[in-house]
Protein chains: 2
Amino acid sequence: MDNADRHLYFSFFNEVNIIGQLSRAQFEARLPKGVLLPHFSVLNHLVRVGDGATPLALARAFQVPKTTMTHTVSGLVQRAFVTLKSNPKDGRSKTVWLTNAGREFRDDAIKLLDDDMEALRAAIPADKISALVPALEEIRVFLDAYRNEPEDP
Amino acid sequence: MDNADRHLYFSFFNEVNIIGQLSRAQFEARLPKGVLLPHFSVLNHLVRVGDGATPLALARAFQVPKTTMTHTVSGLVQRAFVTLKSNPKDGRSKTVWLTNAGREFRDDAIKLLDDDMEALRAAIPADKISALVPALEEIRVFLDAYRNEPEDP
DNA sequence: ATTATATAGTACGATATCGCATTAAATTAA
DNA sequence: TTAATTTAATGCGATATCGTACTATATAAT
């Protein structure tokens with residue numbers, strides 16, 4: 001690979017990382033102290049796709065180690081934003097359920113973030129974002145699959 | 001903002017965050033234990049744009065808090081990949097300089113990553129990445145400027 | 001049926017990240 | 001010049017993240 005291509009791919013990942021850092025910091029500055037982006041993200045996910053997911057399913061959805069998701073979910077439990085129930089289909093497992101407080105918190109957080117979202121949309125219109133997301137999804141899917149590939153023998 | 005747009009922007013940041021996580025984990029799996037992506041990134045930056053930068057300038061380049069950069073640089077010093085000199089222009093400040101070991105480590109790391117890069121390029125060709133980077137830069141620049149804006153009075 | 005293997009969740013330890021406070025030096029104001 | 005303010009770097013403390021190891025349960029193999 002020549003230097004130009006190498007630099008291109010490095011630049012891509014560098015931009016992605018910086019956008020991730022900045023957006024996360026911005027998000028968390030709006031949320032109550034101690035509530036982090038992963039907390040909100042999990043609540044939002046449960047609202048959108050429905051609750052009752054297992055912690056492991058959530059870990060996979062967000063591509064984080066399961067120990068990390070245990071930690072995140074325990075924070076949500078402490079704040080009574082979710083409750084855990086045993087999984088009737090699997091005695092090893094649990095299921096995660098939204099409480100009313102969890103739904104309210106998620107709705108309120110979206111309102112808190114809405115001004116920032118609007119400011120972003122004013123600078124970067126929605127069609128520009130729509131144009132990016134499919135390619136990003138493709139890259140994310142590749143990385144996810146690649147990570148699970150067996151090593152060369 | 002309607003739900004569709006909100007979800008679009010959330011999806012964008014979600015994809016960005018996951019790509020950041022996965023790429024970082026992949027990178028670090030190739031590097032020697034204890035050497036992290038930020039270590040490599042700083043070395044690579046110093047090689048590319050020249051060494052002698054101050055820690056604060058590096059923190060700004062990577063959009064991390066200066067305490068984080070202090071920590072990262074100290075790791076590079078421990079491994080003798082860089083040395084710190086006092087800044088002749090400012091007694092409060094320091095400058096960061098590559099050692100031969102640091103340059104060699106960076107070059108070797110690039111070789112270690114090259115197979116992964118090739119695999120990625122085979123799946124996502126360079127022109128697809130080039131098409132993304134300018135928009136990502138634009139978003140990053142917006143977020144960086146937005147973060148420094150004064151609050152509403 | 002019994003045994004072996006795989007899987008879900010968690011406890012624990014290591015450490016990266018980052019906010020706050022401190023120190024020393026530079027800059028600005030009076 | 002002296003005093004007040006700003007700035008660069010770092011020590012310290014809190015905690016998120018994540019790897020390893022462990023327990024309990026489920027699934028597969030014999």
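Letters go in sequence order (proteins before strands), and every chain restarts at 1.
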Does anything in residues 9-23 of chain A reach DNA chain D, meaning a heavy atom under 4.0 Å, and if so which residues?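 Nucleic-acid contacts, sorted: none.
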A:F105 and side chain to side chain contact (heavy atoms under 4.5 Å, CB included): which single residue from A:L43, A:N100, A:I110 fits?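 So the option named by the test is A:L43.
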Among B:D108, B:L46, B:D51, exactly one meets side chain to side chain contact (heavy atoms under 4.5 Å, CB included) together with B:R103. Which residue is that?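 Of the listed residues B:D108, B:L46, B:D51, the side chain to side chain contact (heavy atoms under 4.5 Å, CB included) partner of B:R103 is B:D51.
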One character per nucleotide, please: for nucleotides 5-15 of chain C, 5' to 3', B when the base has a protein heavy atom closer than 4.0 Å, S when only the sugar-phosphate does, - otherwise. -BBBBBB----
Quick one: is A:R24 getting a side-chain N or O under 4.0 Å of the D:dA16 phosphate, OP1 or OP2?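 Answer is no, no contact under 4.0 Å.
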Atom pair distance, as rounded to whole Å: [atom1] in [X] and [atom2] in [N]:
X	N	atom1	atom2	answer
A:K89	D:dT25	NZ	C1'	17 Å
B:F62	C:dT17	CZ	P	12 Å
B:L37	C:dT17	CG	P	9 Å
A:R79	D:dA16	CZ	C1'	13 Å
B:N87	D:dA8	CG	P	11 Å
B:M69	C:dC18	CE	C1'	13 Å
B:L76	D:dA9	CG	C1'	16 Å

Contacts of type side-chain hydrogen bond (donor to acceptor under 3.5 Å, both in side chains), residue A:R60, not counting sequence neighbours: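 For A:R60, no residue satisfies side-chain hydrogen bond (donor to acceptor under 3.5 Å, both in side chains) once neighbours in sequence are set aside.
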Partners of A:E118 by side-chain hydrogen bond (donor to acceptor under 3.5 Å, both in side chains), sequence neighbours excluded?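 Per chain and number, A:E118 pairs via side-chain hydrogen bond (donor to acceptor under 3.5 Å, both in side chains) with A:R121.
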Show every side-chain hydrogen bond (donor to acceptor under 3.5 Å, both in side chains) that has at least one partner inside residues 123-139 of chain A, sequence neighbours left out.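 For residues 123-139 of chain A, and leaving out neighbouring residues, the side-chain hydrogen bond (donor to acceptor under 3.5 Å, both in side chains) pairs sorted by first residue read A:K128-B:E138, A:E138-B:K128.
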Short side-chain to backbone donor-acceptor contact, A:E28 and A:L36, under 3.5 Å: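 Side chain of A:E28 to backbone of A:L36, a donor-acceptor pair under 3.5 Å: no, none is there.
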Return yes if a side-chain donor-acceptor contact under 3.5 Å exists between B:R6 and B:N3, otherwise no.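 A pair is found: one side chain offers a donor N or O, the other an acceptor, under 3.5 Å apart.
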Please report, to 0.1 Å, the donor-acceptor pairs under 3.5 Å made by any side chain of residues 77-99 of chain B, with sequence neighbours excluded.
{"residue": "B:N87", "atom": "OD1", "partner": "B:K89", "partner atom": "N", "Å": "2.9"}
{"residue": "B:N87", "atom": "ND2", "partner": "B:S93", "partner atom": "OG", "Å": "3.4"}
{"residue": "B:D90", "atom": "OD1", "partner": "B:R92", "partner atom": "N", "Å": "2.9"}
{"residue": "B:D90", "atom": "OD1", "partner": "B:R92", "partner atom": "NE", "Å": "3.1"}
{"residue": "B:D90", "atom": "OD2", "partner": "B:R92", "partner atom": "NH2", "Å": "2.8"}
{"residue": "B:T95", "atom": "OG1", "partner": "B:K85", "partner atom": "O", "Å": "3.3"}
{"residue": "B:T95", "atom": "OG1", "partner": "B:W97", "partner atom": "NE1", "Å": "2.7"}
{"residue": "B:T99", "atom": "OG1", "partner": "B:A80", "partner atom": "O", "Å": "2.7"}
{"residue": "B:T99", "atom": "OG1", "partner": "B:F81", "partner atom": "O", "Å": "3.2"}
{"residue": "B:T99", "atom": "OG1", "partner": "B:A101", "partner atom": "N", "Å": "3.4"}
{"residue": "B:T99", "atom": "OG1", "partner": "B:G102", "partner atom": "N", "Å": "3.0"}

Does the gap between the ring centers of A:F62 and A:H45 come in under 6.0 Å?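 Yes; A:H45 has its ring centre under 6.0 Å from that of A:F62.
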